[in-house]
> 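Right, I'll just put the structure down here and ask away after.
First listed ligand is number 1; within each ligand, the first listed atom is number 1.
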Amino acid sequence: MDGKRMRYNALSLVKNALSGNRSWKPAWRDATPKAGYDVVVIGGGGHGLATAYYLAKEHGLTNIAVLEKSWIGSGNAGRNTTIIRSNYLMPGNVPFYELSMKLWEGLEQDLNYNAMVSQRGVLNLYHSDPQRDAYARRGNAMRLNGIDAELLDREQVRAMVPYLDFDSARFPVQGGLLQGRGGTARHDAVVWGYARAADMRGVDIVQGCEVTGIRTDNGRVTGVETTRGLIGAGKVALAVAGNSSRLAAMVGLRLPIESHVLQAFVSEAIKPLVDTVITFGAGHFYVSQSDKGSLVFGGDIDGYNSYAQRGNLPVVEDVCESAMALMPMLGRLRVLRSWGGIMDMSMDGSPIIDTTPVEGLYLNSGWCYGGFKATPASGLCFAHLIARNTPHDAAAAYRLDRFATGRLIDEKGAGAQPNLH
Ligand SMILES: Cc1cc2nc3c(=O)[nH]c(=O)nc-3n(C[C@H](O)[C@H](O)[C@H](O)COP(=O)(O)OP(=O)(O)OC[C@H]3O[C@@H](n4cnc5c(N)ncnc54)[C@H](O)[C@@H]3O)c2cc1C
């Protein structure tokens, strides 16, 4: 089986370069589903694939399938704006997102795959005194937890990104909160890297396999019904992001999740301009530049429930207005493409990694705008929960019952722009 997969090293690169690139092998097998598995992970996005990888790597489980209804990375994993950061305020979130950042920092070596992790910095702009105070508070919380954060004044921001409209009459830029270790990672490569690494450890990745039902017996999961037949399972793990409420409904569970559309945009390619990630503090707009030269930007959710992976024009207008307010020069740029993804919005803005009332059924959901940056830690902590039936320390606060007990992790109250991914 191993001989059929591509191994990446300097020698194989040279051999392929000299032989006309004709002997590259697929990065992972296209598996046919078996009759049953110890663990079935539903959802071939970043979280599902990372979960399978860490189940195999950290817990020695290999009889695992990842079932994806479309192709892997066709959901939010391949639709996001690729920003990674750990600039959170709330105690439940801080250790988790910093764990994720540390995993990003070693990910390429771990997976032996170029995920193009680029720690180019994430700069949140502030435009008023109260907003500065909110960012100072967040920065202090980060530093107290050993996370890098720097509060910049207007001139320090100007030295970094001189092309912003600092003197806009309505929203003058006063400064910003910088996390230098934040940045971007190539989202497709993250999916492919985890898929390849999981496959190398024996995980079956099954594409074109939609789960249409979850079988239970006496309150315990026994398997899943799929478009490719019935598949038995000792444990079933949901990692389906915007479709979480649909899958949970298959066993009669109602989740504190709403599905909303979030759109993103890329412009035509331009010369290198934006060498960090910038978020506007006075409107719904954030921007970075891809390695191909396109500006990648986005804004707020469309604001109504939907399972459609496409958005509507009012948000396009809102994002473009904010873009023009911050960087008037963008008015001369053409938008090349825009698209939408389905966000699993939880009611306190924080995720859920927990068991469910159905024995053997595990839930990973509620990522809102921010699940891409969470991919490594989400996979690691979800795998820990599935393998050991106890939460990982870093994700212990992400309980499903917090919405009943009132122990919310209300990150929405943190900072002036919690809406920005
Ligand atoms: C426009 C946009 C911009 C974003 N920007 C950022 C950002 O900059 N930074 C950040 O941290 N986060 C960002 N996010 C959020 C992030 O992308 C998500 O939170 C994260 O990708 C969700 O986890 P996932 O990768 O596993 O989800 P997905 O990739 O959506 O994976 C879920 C998979 O489940 C599959 N599935 C669903 N139902 C079934 C079924 N019945 N059977 C089998 N398979 C099924 C879907 O096809 C899908 O592939 C953004 C999201 C969007 C849409």
> Regarding ligand 1, does G44 bring an N or O atom to under 3.5 Å of one of the ligand's N or O atoms?
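No.
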> Indicate yes or no: does E98 engage R181 in a salt bridge with an N to O separation below 4.0 Å.
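Here E98 pairs with R181 in a salt bridge, since their nearest N and O are under 4.0 Å apart.
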> Locate the shortest heavy-atom distance separating S168 from A325; write the atom from each residue and the value.
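The answer is CB-O, 4.4 Å.
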> Enumerate the atoms of ligand 1 whose separation from the nearest heavy atom of A77 is less than 4.0 angstrom.
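Result: 21 (O), 25 (O), 28 (P), 29 (O).
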> Would you call G370 a ligand 1 contact, heavy-atom distance under 4.0 Å?
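Distance cut 4.0 Å: G370 passes for ligand 1.
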> Got an N/O contact under 3.5 Å between G48 and ligand 1?
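No, no N or O pair falls under 3.5 Å.
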> Whether the Y8 and N114 side chains hold a donor-acceptor pair (N or O, under 3.5 Å, no angle test) is what I'd like checked.
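The criterion, which ignores hydrogens and geometry beyond distance, is not satisfied for N114 and Y8.
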> Can you confirm if the NZ or CZ of R158 lies within 45° of the ring axis of F166 and under 6.0 Å from the centre of its six-membered ring?
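That pair qualifies as a cation-pi contact.
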> Do any nitrogen or oxygen atoms of A374 come within less than 3.5 Å of a nitrogen or oxygen of ligand 1?
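Checking ligand 1 against A374, no N or O pair falls under 3.5 Å apart.
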> Counting only heavy atoms from other residues, nucleotides and ligands, does the tally under 6.0 Å from CZ of R246 exceed 12?
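Atom CZ in R246 is packed in, count exceeds 12.
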> Between R186 and D188 (salt bridge meaning N to carboxylate O under 4.0 Å), is one present in this structure?
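Yes, this pair counts.
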> Give the atom numbers and elements of ligand 1 that come within less than 4.0 Å of a heavy atom of L67.
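In order of numbering, the contacting atoms are 43 (C), 44 (N).
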> Can you find an N or O of W71 that's nearer than 3.5 Å to an N or O of ligand 1?
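No: no nitrogen or oxygen of W71 is under 3.5 Å from one in ligand 1.
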> Using a 4.0 Å cutoff against the non-hydrogen atoms of C209, which atoms of ligand 1 qualify?
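The atoms of ligand 1 under 4.0 Å from a heavy atom of C209 are 43 (C).
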